[in-house]
Number of protein chains: 2
Amino acid sequence: MRSENEPSGQKGRSFIEEARRAQIIASAVEVIAEQGFARASLARIAQHAGISKGVISYHFDGKDELMEEVVVRVYTAISEHVLARMEGLSTATELLRTQILGVAEHMRAQRTQLRALGEIFANLRDADGKLRFGVNAGEEIYQALEQIYRLGQKTGEFRAFDVRVMALTQSAAVDAMFAYWINNPGHDLDAHARELADLFERAVR
Amino acid sequence: MRSENEPSGQKGRSFIEEARRAQIIASAVEVIAEQGFARASLARIAQHAGISKGVISYHFDGKDELMEEVVVRVYTAISEHVLARMEGLSTATELLRTQILGVAEHMRAQRTQLRALGEIFANLRDADGKLRFGVNAGEEIYQALEQIYRLGQKTGEFRAFDVRVMALTQSAAVDAMFAYWINNPGHDLDAHARELADLFERAVR
DNA sequence: TTAAATTTTGGCCATGCGGTCAGAAAATGA
DNA sequence: TCATTTTCTGACCGCATGGCCAAAATTTAA
């Protein structure tokens, strides 16, 4: 039996254990992306991974923890990539453009993860029936974007505007870009991202 | 027993029969909007309508037909309303501001139906697991917005930009505004809408 | 009034779900 | 080697679901 109750912390998790969890998460991502959230039962995820259903229950506290782990890992990967691209940049305008283009660049190679993320965001609910993750991406992202806007307003690059509205709008615009791209495979994601960068560059001036 | 097999046509449906169907559809919309697609079971819909579960099976060929009827009715009503509002406006800038300020108010009254529509579009699948309706749900709306942008580009009011990207972004921005407003009741919706109108007015120039 | 047609009820069914568990299997360490 | 721990299996549980239907209730028509 696994050594302790560890509801969310990653302490004392062996390499083997971590590998199994990663394998299960990868299967979950693929099943969710291919068949949708509603069909992503533990049985289907286990079958896709070539293991028994009980193994998932053994390595995760439950289906909810598995789903949250999927979200956490995909999100972490995105933010690491984007933050790396943003390093060394100084002006708010540069940061704004890089934020939009960097996310698109990363996700272009991660369609499966992106689709799974969207399914979970739209469907995962708590016991009360409320969405576990809001339709809104999250407060952290908004605050990060708002810092960029405030910087630009401070330096005079940007005009005066409501930074919360701008952050919400930029986040929604990027989400919509991905949603459209996923459902229209021929769509040019990078061109769309450049259009968005232009759009917001003008909107903030 | 109902007189015939009538998979989709509306022929030979009595007034009473039609009223029952409308009542069931209305309950389905409310349950889906409040609890999400996954929790909108026939039992919950029936309970919400104050009728026995079997009544739904009697008036509809199955759950799928009920869901499709919900989509058809709500979508038809919404598109008719939106198109009516667009008549009589002249300049592209007027149309743009009206879309954001006016349609926002319209959506406030229709948000239960819109939410139900979104849930069905995102979740209703056929036996193969494929989405019954694509996410091309907004296609008509996108095309309507694109007409405004092209008009503005033709008259020289607007700069050159990708009209599809702009339509997607504007639509997403308004949706995000409502999502944020629903989750943050103290949020000033009208001020948000004005910020958005300013944002897009600058973005298109 | 009375017979026929329509509509509703409430219980039943098979299926799939997330979760649990005893015991088998495999890995580990002495 | 052999005992101990970790990991896995496959069966099982209670529950909710969509669909079904005989019988009851209601409405309609003669």
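Note on naming: letters A, B, ... go to the chains in the order of the sequence lines (proteins, then strands), and numbering restarts at 1 for each one. Keep in mind it's a predicted model, so treat the numbers as computed, not measured.
Rounded to whole angstrom, the span from the CZ atom of Phe60(A) across to the P atom of dC8(D) amounts to 12 Å. Residue Gln23(B) contributes atom CD, which lies 12 Å from atom C1' of dT8(C) at whole-angstrom precision. For the pair Ile56(B) CD1 and dC21(D) C1', the computed distance is 17 Å after rounding to whole Å. Put simply, CG on Asp64(B) is 12 Å from C1' on dG19(D), counting in whole angstrom units.
Nearest to the side-chain atoms of Ser52(A) among the listed nucleotides dT9(D), dG18(D), dT20(C) stands dT9(D). Distance from the side chain of His59(B) is smallest to dT8(C) among dC8(D), dT8(C), dG19(C).
With DNA chain C read from its 5' end, the first of the two nearest nucleotides for Arg20(B) and Gly62(A) is the one closest to Arg20(B).
A distance-only check finds no donor-acceptor pair linking the side chain of Arg20(B) to the backbone of His59(B) [under 3.5 Å]. Side-chain atoms of Arg159(A) come within 3.5 Å of backbone N or O of Ala203(A) as a donor-acceptor pair. For Gln153(A) (side chain) and Phe161(A) (main-chain N/O), a donor-acceptor pair under 3.5 Å exists by modelled atom type.
Put simply, the side chain of Lys53(B) and the base of dG10(C) share no donor and acceptor less than 3.5 Å apart.
For dT7(C), the OP1/OP2 oxygens have a side-chain nitrogen or oxygen of Tyr58(B) closer than 4.0 Å.
DNA chain C lies under 4.0 Å from at least one heavy atom of each of the following residues of residues 35-51 of chain A: Ser41(A), Leu42(A), Arg44(A).
With hydrogens and angles left out, the side-chain atoms of Gln170(A) and Tyr149(A) include a donor and acceptor closer than 3.5 Å.
Ring planes of His192(B) and His187(B): perpendicular class, angle over 60° (limits at 30 and 60°).
Cation-pi geometry between Lys53(B) and Phe60(B) is not satisfied (NZ or CZ under 6.0 Å from the ring centre, within 45° of the ring normal).
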